[in-house]
Trainee: 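Structure below; questions to follow.
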Amino acid sequence: MGGLLLYGLGAPAELMALEAAMLVTLGCLGIVTAVWKVSVHTTVSCGGLVVLAIGQGAWACLGLPLIGLIGWSRVRVGAHTPAQTVVGSLPGAAIGGLVFACAR
């Protein structure tokens, strides 16, 4: 619904690409999470960082340590195992980044 509203209001192509990347990543993550619980927090943070790097340049990679901190915090509070946080970061980077790059 939000994507249709953005399209109807003439949103910029990069915003539409971001919406597409988020929806496709969320769909894939839903399939994986049905089988094995992965960290959505690391998925979103890693995907956001990759999209930022694609759109704004490599300086965004300076935020990479923040993803490690997010993963550590999810393990620390007992919500995930270390493997679940690492695997959770992969769809955000790979799928989100690919969809964003292709759709923009």
Side-chain angles (χ1 to χ4, degrees):
M1 186 66 151
L4 293 174
L5 183 61
L6 289 172
Y7 179 76
L9 294 173
E14 286 199 334
L15 187 56
M16 294 299 298
L18 177 61
E19 177 78 13
M22 291 187 316
L23 289 174
V24 171
T25 302
L26 181 62
C28 293
L29 195 62
I31 294 168
V32 172
T33 302
V35 177
W36 189 49
K37 178 182 166 187
V38 296
S39 174
V40 176
H41 288 84
T42 57
T43 301
V44 170
S45 60
C46 200
L49 189 65
V50 169
V51 165
L52 190 60
I54 292 169
Q56 301 299 316
W59 67 268
C61 294
L62 294 172
L64 194 57
L66 295 175
I67 295 169
L69 287 174
I70 291 168
W72 170 83
S73 71
R74 301 304 295 159
V75 172
R76 182 80 170 106
V77 300
H80 296 286
T81 65
Q84 289 170 332
T85 62
V86 171
V87 172
S89 67
L90 300 177
I95 298 167
L98 180 64
V99 172
F100 180 77
C102 291
R104 68 189 280 237

Trainee: If hydrophobic clusters are built from ILVMFWY residues whose side chains come within less than 4.5 Å, do Leu90 and Val50 share one?
Mentor: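 Hydrophobic grouping puts Leu90 apart from Val50.
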Trainee: If I compare all heavy atoms of Leu49 with all of Ile67, which pair ends up nearest, and what's the gap?
Mentor: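 Distance-wise, the nearest heavy atoms are CD2-CD1, 3.4 Å.
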Trainee: Is Val40 linked to Trp36 within one hydrophobic cluster, defined over Ile, Leu, Val, Met, Phe, Trp and Tyr using a side-chain heavy-atom separation of less than 4.5 Å?
Mentor: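 Same hydrophobic cluster.
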Trainee: What pair of heavy atoms forms the shortest contact from Ile54 to Gly97, and how long is it?
Mentor: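 What the structure gives for the nearest pair is CD1-O, 3.4 Å.
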Trainee: For the pair Thr43 (side chain) and Gly92 (backbone), establish whether a donor and an acceptor sit closer than 3.5 Å, ignoring hydrogens and angles.
Mentor: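 Such a contact is absent between Thr43 side chain and Gly92 backbone.
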Trainee: For the hydrophobic clusters of this structure (ILVMFWY residues joined by side-chain heavy atoms under 4.5 Å, transitively), does one cluster hold both Ile95 and Ile31?
Mentor: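 Looking at the clustering, Ile31 is in a separate group from Ile95.
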Trainee: Can you list everything that forms a side chain to side chain donor-acceptor pair (under 3.5 Å) with Ser39? Sequence neighbours excluded, please.
Mentor: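 Listed in chain order: Thr42.
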Trainee: Within the 4.5 Å heavy-atom criterion, are Leu98 and Cys102 side-chain neighbours or not?
Mentor: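 Yes, at least one pair of side-chain atoms sits under 4.5 Å.
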Trainee: For the pair Lys37 (side chain) and Ala79 (backbone), establish whether a donor and an acceptor sit closer than 3.5 Å, ignoring hydrogens and angles.
Mentor: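 Confirmed, Lys37 side chain pairs with Ala79 backbone.
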Trainee: Test of understanding: clusters of I, L, V, M, F, W, Y form through side-chain heavy atoms closer than 4.5 Å, transitively. Do Val44 and Val32 belong to the same one?
Mentor: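 Linked within one cluster.
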Trainee: Look only at the side chain of Thr25 and the backbone of Met22, and say whether a donor-acceptor pair between them is shorter than 3.5 Å.
Mentor: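 Not a single qualifying donor-acceptor pair exists.
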Trainee: Looking at every heavy atom in both Trp59 and Leu52, which two are closest together, and how far apart are they?
Mentor: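 Looks like CH2-CD2, 4.3 Å.
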Trainee: Grab the two heavy atoms, one from Gly88 and one from Val38, that are nearest each other, plus how far apart they are.
Mentor: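 Shortest heavy-atom contact: CA-CB, 4.0 Å.
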Trainee: To the nearest 0.5 angstrom, please state how far the CD atom of Gln84 sits from the OG1 atom of Thr33.
Mentor: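 Going from CD on Gln84 over to OG1 on Thr33, the span is 9.5 Å.
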Trainee: On a heavy-atom basis, which atom in His80 and which in Thr85 lie closest, and how many Å separate them?
Mentor: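 Heavy-atom minimum between the residues: CB-CG2, 3.8 Å.
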Trainee: Are Leu9 and Leu23 joined in one hydrophobic group, where the rule is that I, L, V, M, F, W and Y side chains link up if heavy atoms are under 4.5 Å apart?
Mentor: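 No, it is not one cluster - the side chains of Leu9 and Leu23 are not joined through contacts under 4.5 Å.
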